Amino acid sequence: MERRSFMHLLLGSTIIPEFDALRDFQDNPRNLWRSVRKMFPDASSEWLNFNNGSAGMVSKVVMKAFQENLEKMNQEPPYQYFLSFQDYLNETKNGLASLIGASGKNISLTRNTTEAINYISQGLVLKNGGQILTANHDYPQALNSLEKAAQRNNNKLKTIQLNFQESEEEIIRTYESHLKENTSVLLITAQTHREGQIMPVKKLVNLAKKYNALTLVDAAHAYGQYPHSVTDWDCDFYCTSLHKWFGAPHGSGILYIKEGMVETIKGPDSCPDPFSAEMNKFTYLGTRSFAQEVSIGTALDLMNNIGLENKFKRHKEMTEYWTKSFVDNEIIDIIKPEKFGAVAGFNINVKAKPFKEHLKNNKVYLKIVRAAKAKKTSFRVSPGIYHNFKDLDRFIDVIKSFQ
């Protein structure tokens with residue numbers, strides 16, 4: 001079913017002009033972001049949620065699609081409605097894959113990055129005595145998964161220490177100094193979840209190839225935030241979430257496996273042919289939220305009508321805006337990496353408990369993270385595209401009002 005016809009069928013004609021307006025405003029940032037804000041629930045409500053890095057706010061159009069799909073699926077025989085939209089789902093998968101320079105046949109829909117990484121870590125068949133190389137900035141659940149994979153395959157998990165005050169070249173040298181001929185897998189975090197550092201994925205993949213190591217990219221924060229291509233990176237495996245920066249319903253994600261690599265990863269035991277070369281072997285999950293999967297296409301429509309380049313530029317502008325406001329602040333030490341997007345953070349030079357209470361009393365919600373190397377509590381700041389500079393000013397005033 002053609003996407004525009006599907007949107008008319010599902011939501012009625014009113015949604016199409018809204019998307020058309022976004023496309024018309026792509027060359028007019030002020031009108032574009034004003035229109036985008038109207039498409040989300042009230043962002044100026046009681047709480048100022050600056051933790052989109054965990055899960056972004058879902059737009060009203062995507063929520064409407066989800067709710068109507070759920071209602072329709074509840075009125076028909078089990079699976080019937082879902083099965084009737086297989087062509088549309090395949091079209092959606094092709095669209096999702098195209099955002100990262102891939103083909104829809106090389107991706108599978110998952111519930112999040114962690115589930116996708118689990119498919120890889122549990123399905124890897126590695127030679128004995130190898131090394132799985134990770135870093136201190138990698139996501140804890142990814143490290144847990146690969147530690148179990150190392151144990152199952154008689155490999156050793158090695159976690160290196162990185163300092164993000166170093167240059168990109170120094171970061172690459174640190175990785176290279178720990179890569180060995182027996183390195184079986186290199187875990188690469190595309191953008192770190194604590195600091196927001198956008199990593200040199202392509203250079204690290206090329207480095208891993210020198211040692212014949214497989215590359216697993218944790219792209220939880222990359223998809224839907226900044227342009228990139230898995231074919232350009234040439235990574236073997238790519239895992240991401242669609243509910244952070246892409247705008248899909250909570251609990252949706254993607255697993256990508258490079259062409260020719262699918263059959264090397266054992267699928268779940270529920271699959272009749274775990275070493276099949278087809279990505280659909282990862283969909284043997286039983287009953288799940290089919291309405292949610294169908295609704296991902298609406299989020300894709302919204303993304304394409306905003307423009308990924310526009311989103312990334314907006315994220316960088318917001319990060320630049322709020323971080324510059326604290327350059328000479330005695331309380332705040334900004335954490336903004338050399339290559340950044342929507343995510344940055346700060347440390348505080350005061351006791352943490354009263355500062356946290358101050359944020360809570362003023363209805364500002366930030367993610368509290370703990371930097372592995374510095375062993376210091378930090379506050380992650382990750383506003384969404386539905387926020388504006390007035391929201392940032394509110395946040396800045398709250399921080400500066402702390403006594």
Side-chain angles (χ1 to χ4, degrees), residues 29-30 32-60 164 191-198 221 224-226 243-245 247 250 306 310-371 376-403:
R30 184 174 182 179
L32 173 64
W33 299 118
R34 183 182 295 151
S35 297
V36 167
R37 186 178 176 91
K38 292 177 181 178
M39 298 182 76
F40 284 81
D42 187 4
S44 61
S45 60
E46 185 179 14
W47 277 95
L48 185 61
N49 176 26
F50 274 14
N51 184 28
N52 286 258
S54 289
M57 182 186 289
V58 180
S59 67
K60 289 184 283 189
F164 287 107
Q191 183 180 23
T192 65
H193 69 282
R194 298 185 186 95
E195 304 87 358
Q197 169 83 28
I198 297 176
H221 286 276
Q225 185 190 151
Y226 62 88
H243 52 248
K244 294 180 183 291
W245 304 108
H250 296 168
I306 293 174
N310 290 329
K311 278 190 67 177
F312 187 44
K313 182 178 179 181
R314 176 70 166 183
H315 285 311
K316 287 176 68 70
E317 286 176 345
M318 289 194 291
T319 299
E320 284 278 20
Y321 184 85
W322 77 259
T323 54
K324 283 182 178 180
S325 299
F326 297 110
V327 171
D328 298 318
N329 192 285
E330 296 180 356
I331 294 177
I332 301 298
D333 291 328
I334 294 296
I335 304 170
K336 188 181 76 171
E338 181 181 352
K339 291 191 175 180
F340 64 92
V343 181
F346 61 87
N347 294 323
I348 56 173
N349 299 315
V350 293
K351 290 184 178 180
K353 186 174 181 179
F355 186 81
K356 292 176 187 176
E357 286 296 318
H358 179 70
L359 293 178
K360 183 178 179 181
N361 292 338
N362 285 277
K363 306 297 183 183
V364 173
Y365 189 84
L366 305 178
K367 174 74 172 178
I368 299 174
V369 295
R370 189 167 179 80
K376 188 182 255 187
T377 298
S378 302
F379 295 83
R380 186 180 72 188
V381 183
S382 53
I385 57 167
Y386 55 89
H387 287 118
N388 59 21
F389 293 102
K390 185 177 180 179
D391 296 322
L392 294 176
D393 286 336
R394 174 185 164 189
F395 161 70
I396 292 165
D397 289 343
V398 167
I399 300 299
K400 289 185 175 181
S401 69
F402 179 75
Q403 300 294 329

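Note that the coordinates shown come from a computational prediction; the quantities given were computed from them, not determined experimentally.
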Exercise. Rounded to the nearest 0.5 Å, what's the gap from CD on Q191 to CH2 on W245? Could you check?
Key: 7.5 Å
Quiz item: Taking all atoms of both residues into account, what is the closest heavy-atom pair of W33 and N310, and its distance?
Solution: CZ2-O, 3.3 Å
Quiz item: Any sub-3.5 Å donor-acceptor pair from K60's side-chain atoms to P41's backbone N or O?
Solution: no
Quiz item: Considering all heavy atoms of both residues, which atom of I396 and which atom of W322 are nearest to each other, and what is their separation?
Solution: CD1-CA, 4.0 Å
Quiz item: D391 side chain to N388 main-chain N or O, any donor-acceptor pair under 3.5 Å?
Solution: yes
Quiz item: Between K244 (side chain) and Q225 (backbone), is there a donor-acceptor pair under 3.5 Å?
Solution: no
Which atom pairs, one a donor and one an acceptor, fall under 3.5 Å between side chains of residues 334-347 and the rest of the protein, sequence neighbours left out?
residue : atom : partner : partner atom : Å
K336    : NZ   : E320    : OE1          : 3.1
K339    : NZ   : E168    : OE1          : 3.1
N347    : OD1  : S378    : OG           : 2.4

Self-check item: N329 side-chain N/O to I331 backbone N/O, donor-acceptor pair under 3.5 Å
Solution: yes
Quiz item: Looking only at side chains, do Y386 and N52 share a donor and an acceptor under 3.5 Å apart?
Solution: yes
Quiz prompt | Nearest-0.5 Å distance that lies between atom NE2 in H221 and atom CZ in R194 | solution = 10.5 Å
Quiz prompt | Note, D333 side chain near I348 side chain (heavy atom, < 4.5 Å) | solution = no
Quiz item: Residues in side chain to side chain contact (heavy atoms under 4.5 Å, CB included) with S35, at least two apart?
Solution: L22, F25
Quiz item: Is K316 atom NZ crowded by more than 12 heavy atoms from other residues, nucleotides or ligands, each under 6.0 Å away?
Solution: yes
Quiz item: Is a donor on one side and an acceptor on the other found under 3.5 Å between the side chain of S382 and the backbone of F50?
Solution: yes
Quiz item: Is the number of heavy atoms from other residues, nucleotides or ligands under 6.0 Å of Y365 OH greater than 12?
Solution: no
Quiz item: Minimum heavy-atom separation for V58 to G247, with atom names?
Solution: CG1-O, 4.2 Å
Quiz prompt | Rounded distance [0.5 Å steps], CD1 in I385 versus CZ in F312 | solution = 14.0 Å
Quiz item: Taking the six-membered ring for Trp, are F402 and H358 parallel (under 30°), tilted (30 to 60°) or perpendicular (over 60°)?
Solution: perpendicular
Exercise. Look at atom NZ of K324 and say whether more than 12 heavy atoms of other residues, nucleotides or ligands are closer to it than 6.0 Å.
Key: no
Quiz item: At what distance, to the nearest 0.5 angstrom, does CD1 of I399 lie from CG of L366?
Solution: 6.0 Å
Exercise. Could you tell me the separation between the NE2 atom of H387 and the CE atom of M57, rounded to the nearest 0.5 Å?
Key: 6.0 Å
Quiz item: Taking all non-hydrogen atoms of both residues, which atom of S54 and which atom of R380 are closest, and how far apart?
Solution: OG-NH2, 3.2 Å
Quiz prompt | Pairwise distance CE(M39) to CD1(I306) - rounded to 0.5 angstrom | solution = 7.0 Å
